[in-house]
Amino acid sequence: MVKTVEELARLVVKAAEDKKAENLKVLDISKLSVIADYFMICHGNNERQVQAIVREIRDQAHKNGFDVRGIEGADEGRWVLVDLGDIVIHVFHREDREFYNLERLWKDAEEVSFPAQG
């Protein structure tokens with residue numbers, strides 16, 4: 001059972017890595033926004049991979065007793081937003097990630113590391 005936002009972040013990182021998410025970044029936005037504490041940004045190389053990453057994150061969150069507040073964009077598999085409350089995950093198709101470049105928009109956020117465990 002997930003108890004802290006840090007444990008949730010590790011769970012999300014592992015779920016994304018298990019589905020071969022690429023260029024995974026976790027940004028601490030807690031001092032910049034009230035939206036969440038962390039943004040996680042990653043991408044897949046096609047729509048099916050993006051959808052698989054999102055499904056794994058959702059399934060692992062549920063399995064560990066955490067409710068997913070919402071998922072937007074999953075049907076298209078181009079830019080999917082997963083709202084876990086304290087963590088908002090953006091799973092992009094590679095091309096869309098390059099176009100939107102969220103990292104540039106949140107350049108003042110500190111990148112943090114939550115190594116996957118288990």
Side-chain angles (χ1 to χ4, degrees):
M1 182 79 85
V2 173
K3 295 179 178 65
T4 69
V5 68
E6 290 79 14
E7 289 173 323
L8 179 59
R10 283 184 183 85
L11 176 85
V12 168
V13 166
K14 181 174 183 342
E17 288 177 344
D18 285 351
K19 294 300 175 182
K20 309 295 186 220
E22 296 188 16
N23 197 14
L24 191 144
K25 294 185 180 197
V26 180
L27 304 177
D28 182 344
I29 63 166
S30 62
K31 294 178 180 82
L32 304 173
S33 176
V34 295
I35 295 171
D37 290 338
Y38 300 103
F39 270 179
M40 186 185 93
I41 305 167
C42 64
H43 71 265
N45 290 311
N46 57 55
E47 290 86 353
R48 287 189 321 179
Q49 185 184 14
V50 168
Q51 292 164 337
I53 293 165
V54 170
R55 272 193 310 275
E56 186 67 12
I57 290 169
R58 181 200 62 210
D59 292 350
Q60 289 303 315
H62 283 215
K63 181 179 172 183
N64 285 276
F66 201 85
D67 289 325
V68 176
R69 293 185 178 183
I71 298 176
E72 298 292 330
D75 290 341
E76 296 81 15
R78 301 294 299 184
W79 178 0
V80 183
L81 185 137
V82 181
D83 183 354
L84 296 178
D86 292 328
I87 301 175
V88 175
I89 300 117
H90 299 270
V91 184
F92 284 96
H93 184 287
R94 180 184 39 79
E95 294 167 356
D96 292 347
R97 183 177 186 177
E98 292 168 4
F99 178 79
Y100 289 106
N101 195 3
L102 282 189
E103 293 93 326
R104 179 183 48 81
L105 295 175
W106 291 93
K107 67 181 186 304
D108 293 334
E110 176 185 351
E111 187 172 349
V112 293
S113 176
F114 290 106
Q117 297 178 341

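Note that the coordinates shown come from a computational prediction; the quantities given were computed from them, not determined experimentally.
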Applying the 4.5 Å side-chain criterion to the ILVMFWY set and letting contacts propagate, would [X] and [Y] be lumped into a single cluster?
X	Y	result
Trp106	Ile89	no
Val26	Val88	no
Val68	Ile87	yes
Val112	Leu11	yes

Could you tabulate the donor-acceptor pairs under 3.5 Å formed by side-chain atoms of residues 29-44, not counting sequence neighbours?
residue, atom, partner, partner atom, Å
Ser30, OG, Asp28, OD1, 2.6
Ser33, OG, Ile35, N, 3.0
His43, ND1, Arg97, NH1, 3.1

Quiz item: Is there a donor-acceptor contact under 3.5 Å from the side chain of Glu22 to the main chain of Asn45?
Solution: no

Find the distance between [atom1] ([X]) and [atom2] ([Y]) and round it off to the nearest 0.5 Å.
X	Y	atom1	atom2	answer
Leu81	Phe92	CG	CZ	8.5 Å
Arg48	Lys19	CZ	NZ	12.0 Å
Arg10	Ser113	CZ	OG	8.5 Å

List the atom of [X], the atom of [Y], and the distance in Å for their closest heavy-atom pair.
X	Y	result
Ala21	Gln49	N-NE2, 4.2 Å
Val80	Ile71	CG1-CG2, 3.7 Å
Leu24	Ala16	CD1-CB, 3.5 Å

Exercise. For residues 68-90, pull every pair meeting side chain to side chain donor-acceptor pair (under 3.5 Å), keeping only residues two or more places apart or in separate chains.
Key: Glu47-Arg78, Arg78-His93, Arg78-Glu95, Arg78-Asp96, Trp79-His90

Practice problem: State, with a plain yes or no, whether a side-chain heavy atom of Glu103 is found less than 4.5 Å away from one of Lys25. | Solution: yes

Quiz prompt | Residue pair Ile53 / Val50, side-chain heavy-atom distance below 4.5 Å | solution = no

Quiz item: Which residues satisfy the side-chain hydrogen bond (donor to acceptor under 3.5 Å, both in side chains) test with Gln51, sequence neighbours excluded?
Solution: none

